[in-house]
Amino acid sequence: MKCRVCREPAVIALRRHNANFCSDHFLRYCRQQVDRVIDDYDMFAPGERLLVAVSGGKDSLAVWDILRELGYAADGLYVGLGIDDYSDVSLSFVTDFVSRHGLELTIVDLADSYGFDVPSAAEATGRVPCSACGLSKRHVFDKAAVDGGYDAVVTGHNLDDEAAVLYGNVMRWQVDYLGRQRPLLEARDGFPRKAKPLVRLTERETAAYCVLRGIDYQVEECPMAIGNKHLGFKEALNLLEDRSPGSKAEFYFGYLKRVVDRFTDFEDRGSLGTCPSCGSPTDAETCAFCRLVSRTAGHSQPVAFTTRNEATVRQH
Ligand code: Q46
Ligand code: ZN
Ligand code: ZN
């Protein structure tokens, strides 16, 4: 097996591209794919400040690393979810990466800042943990980006993630979500710009990128992912991809090219007010995150809640 570019021994075969790459050319391929997404969607302008939502997994560390390599000014934000050892180990991968490269990281711990963690929120709401977890992460990322004057929030969603979310939204005809499923969402109504520069890379590719770059990451699945429908959609698409390499990319990029604009009208563009507790934009009297904070009161360690008590830890 030889590298498509230099004919030296290859370390990875990409069936959907019918190509093999050596280590150097695979890393270059990954950077080029990210660069192409940034370019295609006009994601960032030179000199902008980016905030990477980093979890300790392969995707968020890979996107942070590639953005650095491409010359972008990117800081990280880690949200402590309080999921047993899983959260502690995940954070250690992030802090290792940060100290190795001299980066700036903000840590917001849900329990310290808001008085609940993901397990207690799941208990209080009676819903799957991912529901409170996703809501909390979105709130913390959005708020940190707006308060910190960042130009965009960057997440490590990859091609497998986006194809699985698209599949799930199509299965249930979630037309309002379909209209917003794009690699770039512009800032609007008090929400920051959101960018997903990894959408041209698969999970396997981001894992290989980390291994070849010597980046250690959390390999365990989140123990609270049980009941997460997303994983089922991923498995279904993996079966299709195995039989017909390139199916995921055709499904997702075909959607972006030919279909997504037809769903724009379904986006809920009702006017938003301001949450009286936290100042976030909301279409309800109090935002969903502050309602979650109230519901969890009494289900976890009591911690005084104020609107401005993010326990940020800066590490250099
Ligand atoms: S961390 Fe949170 Fe994920 Fe765990 S509880 Fe679900 S959403 S699976 S990305
Ligand atoms: Zn090569
Ligand atoms: Zn609020």
Side-chain angles (χ1 to χ4, degrees), residues 1-14 19-30 32 53-60 78-91 110 113-114 116-123 125 127-143 146-147 155-158 160-162 164-165 190-191 203 212 217-218 220-232 234 272-296 305-310:
M1 189 165 96
K2 292 196 169 140
C3 172
R4 173 201 257 186
V5 184
C6 67
R7 312 308 295 162
E8 290 295 314
V11 296
I12 188 164
L14 304 185
N20 309 320
F21 291 106
C22 70
S23 175
D24 282 355
H25 286 117
F26 175 70
L27 295 177
R28 198 174 75 173
Y29 154 86
C30 292
Q32 281 170 342
V54 62
S55 68
K58 60 190 182 325
D59 303 307
S60 56
Y78 175 86
V79 180
L81 305 171
I83 305 177
D84 306 326
D85 294 349
Y86 175 79
S87 290
D88 299 336
V89 175
S90 302
L91 177 59
L110 288 181
S113 298
Y114 299 106
F116 72 90
D117 54 22
V118 166
S120 63
E123 198 186 306
T125 57
R127 299 185 61 190
V128 289
C130 296
S131 161
C133 183
L135 169 64
S136 306
K137 286 192 287 193
R138 279 192 301 278
H139 175 86
V140 174
F141 293 145
D142 289 354
K143 193 163 182 349
V146 171
D147 291 353
T155 55
H157 293 93
N158 58 41
D160 300 71
D161 294 324
E162 292 304 287
V165 171
F191 290 109
E203 238 164 57
L212 294 172
Y217 60 87
Q218 171 64 279
E220 300 298 327
E221 282 284 347
C222 169
M224 309 230 86
I226 310 135
N228 181 332
K229 293 194 181 98
H230 186 67
L231 294 179
K234 267 192 176 175
L272 297 179
T274 302
C275 173
S277 295
C278 71
S280 297
T282 178
D283 57 3
E285 206 167 302
T286 303
C287 81
F289 179 74
C290 288
R291 294 201 304 272
L292 175 68
V293 173
S294 314
R295 284 188 79 177
T296 54
F305 170 68
T306 66
T307 56
R308 306 205 61 82
N309 66 343
E310 276 82 1

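Residue numbers count from 1 along this sequence. Both counts, for ligands and for their atoms, begin at 1 and track the order of listing.
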* At the Zn ion (ligand 2): angle between Cys6 atom SG and His25 atom ND1, to 10 degrees -> 110°
* To do: Would you mind reporting whether Lys2 and Pro9 have side-chain heavy atoms less than 4.5 Å apart?
  => no
* Look at ligand 1 and say whether Lys137 reaches it with a heavy atom at a distance under 4.0 Å. => yes
* Asked: Would you say the side chain of Val89 lies within less than 4.5 Å of the side chain of Gln218, judging by non-hydrogen atoms?
  -> yes
* To do: For the residue pair Phe21 and Tyr29, categorise the inter-ring angle as parallel (less than 30°), tilted (30 to 60°) or perpendicular (more than 60°).
  => parallel
* Asked: So, Ser120 versus Thr296: side-chain donor-acceptor pair below 3.5 Å or not?
  -> no
* To do: Number the atoms of ligand 1 from 1 as they appear, then name those within less than 4.0 Å of a heavy atom of Ala225, with their elements.
  => 8 (S)
* Asked: What are the atoms of ligand 1, with element, lying closer than 4.0 Å to any heavy atom of Cys130?
  -> 5 (S), 6 (Fe), 7 (S), 8 (S)
* Hey, what's the ring geometry for His139 with Tyr114, parallel, tilted or perpendicular (30° and 60° as the breaks)? -> perpendicular
* If hydrogens are left out, which of Cys222, Cys133, Pro223 has an atom nearest to atom 7 (S) of ligand 1, that is, the closest non-hydrogen atom? -> Cys133
